[in-house]
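Numbers here simply count residues along the sequence, with the first being 1.
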Amino acid sequence: MLNRSSFTTLVVGVFIVYVVHTCWVMYGIVYTKPCESHSDNCIKPYLSKRPKLQLSVYTTTRTSISAENNVDLVLNVDNFDVESRFERTVNVTVPKKTRNNGTLYAYIFLHHSGVLPWHDGKQVHIVSPLTTYMIPKPEEINLITGETGTQQIDTEKKESNALDEPVSHWRSRLTLNVMVEDFIFDGSSLPADVHRYMKMIQLGKSVHYLPILFIDQLSNRVKDLMMINRSTTELPLTVSYDKISLGKLRFWIHMQDAVYSLQQFGFSEKDADEVKGIFVDTNLYFLALTFFVAAFHLLFDFLAFKNDISFWKKKKNMVGMSTKAVLWRCFSTVVIFLFLLDEQTSLLVLIPAGIGAVIEVWKVKKALKITFQWRGLTPIIKFGTCSESEKKTEEYDTQAMKYLSYLLYPLCVGGAVYSLLNIRYKSWYSWLINSFVNGRKSLFYFLT
């Protein structure tokens, strides 16, 4: 068996190896070895020939198109300059199929100017859904008067909320990028992440890759989503474009794949949005610093949990320790967990909070010396006896809580009544949990 010091050393060693390996992987992502000039496997950029390009954005309910039938042109940028960024807002007609909880796709073509994309053999295109499915946020109401946040609510929206089923939401932003570096790839060692976005053609004796068109899905945030109902005929779509470097393109591809993997593991759109915010709303250099800080925070959290559990495992009595404080801490931690659950918080926050709540419940079992015995299928709970020293500690504990309750309880009750009259909640359960959380905050302020 490993003693505590050797186990801690092992954990720290594994952590250091993990950080070093992550740095090496990140370096491999952002750095790509160029092709040597004399090699026959070099793949050159088509953009180096400075072709005259055109950007076209079409919408359709079909997953694949081969002609100009059943598609709507929503944006056309002639003489498209890959070096110049822009942002334009257009109105998109919403088909009946999409209004009935269907999906609408955007087809983005980059092709030669003056030539239709289906007639251009050197065109590149990419597809992105303009809709996604989410459960609508429950309407908050005043539990006493029944008033809502808005004077009028669409009937179909009420029905959707009542069904608590995913409905189609509109992605109001579409962010496009083109890799503009005149980078020459080595055909024998093409990066797998970029390869799937590349389309290559033969020009004379050399191979060229057409412009790499990329859709930044990380910019699609939950705050930009708009619920689609049957009365919606047009919706705004903001199309923005900016050039992107090869290193950032590869990094962004890996991050999008990571978010997609989280969704495959059961993370909701809101959970994925929390991860997207880390990358989109943060400078890349600051993001690297955040990674190291978060990694060390995770290490210290783990060591704190380990030491806390080790301390309580060896604890045989409660002399000098407040049993009521342990009970209150357990109650507070469970309430915080239920509050986060009610607010549909990201799993990234919810899981650690749940683990902490389980540990606090275990501490209560240790503090009260609770044991379980089974009589058939019925559990019998038994409490251990207290020593004289523990009883003396309990007396001081009870006296302190008595004086504290004279001010704490009226404040908690008054705050709960005030919030019931003036603040809107989804349900009575939501009000109760919020009241408990506010009461916990009040106790925390008094104790500190």
Heavy-atom side-chain contact between Ser128 and Leu174 under 4.5 Å: yes
Value rounded to 0.5 Å, distance of CD1 in Ile43 from OG in Ser188: 9.0 Å
Pairwise side-chain contact, Ile126 with Tyr197, heavy-atom cut-off 4.5 Å (strictly under): yes
NZ/NE/NH1/NH2 to OD/OE distance under 4.0 Å, Glu87 and Arg173: yes
Donor-acceptor side-chain pairing of Thr238 and Arg88 below 3.5 angstrom: no
Side-chain donor/acceptor of Gln256 to backbone N/O of Gln217, under 3.5 Å: yes
Parallel, tilted or perpendicular: ring planes of Phe300 versus Phe296, cut at 30 and 60 degrees: tilted
Results of disulfide bond (SG atoms under 2.5 Å apart) for Cys330 - residues two or more places apart only: none
Backbone of Ile228 reached by a side-chain donor or acceptor of Thr232 within 3.5 Å: no
Sub-4.5 Å side-chain heavy-atom contact between Leu55 and Phe86: yes
Close side-chain approach of His169 and Met226, heavy atoms under 4.5 Å: no
Under 3.5 Å donor-acceptor, Glu234 side chain and Pro236 backbone: no
Reported CD-to-OG distance for the pair Glu181 and Ser48, which is rounded to 0.5 angstrom: 13.5 Å
Check: Asn101/Ser168 side-chain N/O donor and acceptor closer than 3.5 Å: no
From Leu218 atom CG to Lys276 atom NZ, the distance as rounded to the nearest 0.5 Å: 6.5 Å
Min side-chain heavy-atom separation His195-Met200 under 4.5 Å: yes
Ion pair Asp186/Lys44, N-O distance below 4.0 Å: no
Qualifying residue for side chain to side chain contact (heavy atoms under 4.5 Å, CB included) with Phe214, from Leu176, Ile108, Asn177: Asn177
Nearest-0.5 Å distance that lies between atom CD1 in Ile201 and atom NZ in Lys122: 5.0 Å
4.5 Å side-chain heavy-atom contact, Phe80 and Gln54: no
Ring geometry between His111 and Phe109 (parallel below 30°, tilted from 30 to 60°, perpendicular above 60°): perpendicular
Donor-acceptor pair between Asn307 and Ser310 side chains, under 3.5 angstrom: no
Note, Arg62 side chain near Tyr105 side chain (heavy atom, < 4.5 Å): no
Pair Trp118 + Tyr107: ring centers closer than 6.0 Å: no
Side-chain heavy atoms of His254 within contact of Asp193, under 4.5 Å: yes
Phe183 and Phe185 aromatic centres sub-6.0 Å: yes
Whether Thr98 side chain and Val94 backbone form a donor-acceptor pair below 3.5 Å: no
Pair Ser172-Asp224, side-chain donor/acceptor within less than 3.5 Å: no
Sequence-distant partners of Asp257, salt bridge (Lys or Arg N to Asp or Glu O under 4.0 Å), two or more places apart: Arg196
Spatial distance of atom CG (Leu47) from atom CG (Leu53) [nearest 0.5 Å]: 6.5 Å
Spatial distance of atom OG1 (Thr59) from atom CG (Leu75) [nearest 0.5 Å]: 11.0 Å
Trace of the salt bridge (Lys or Arg N to Asp or Glu O under 4.0 Å) decision for Arg50 with Asp182: CA-CA 11 Å; Arg50 302 295 182 261; Asp182 287 338; 3.6 Å; yes
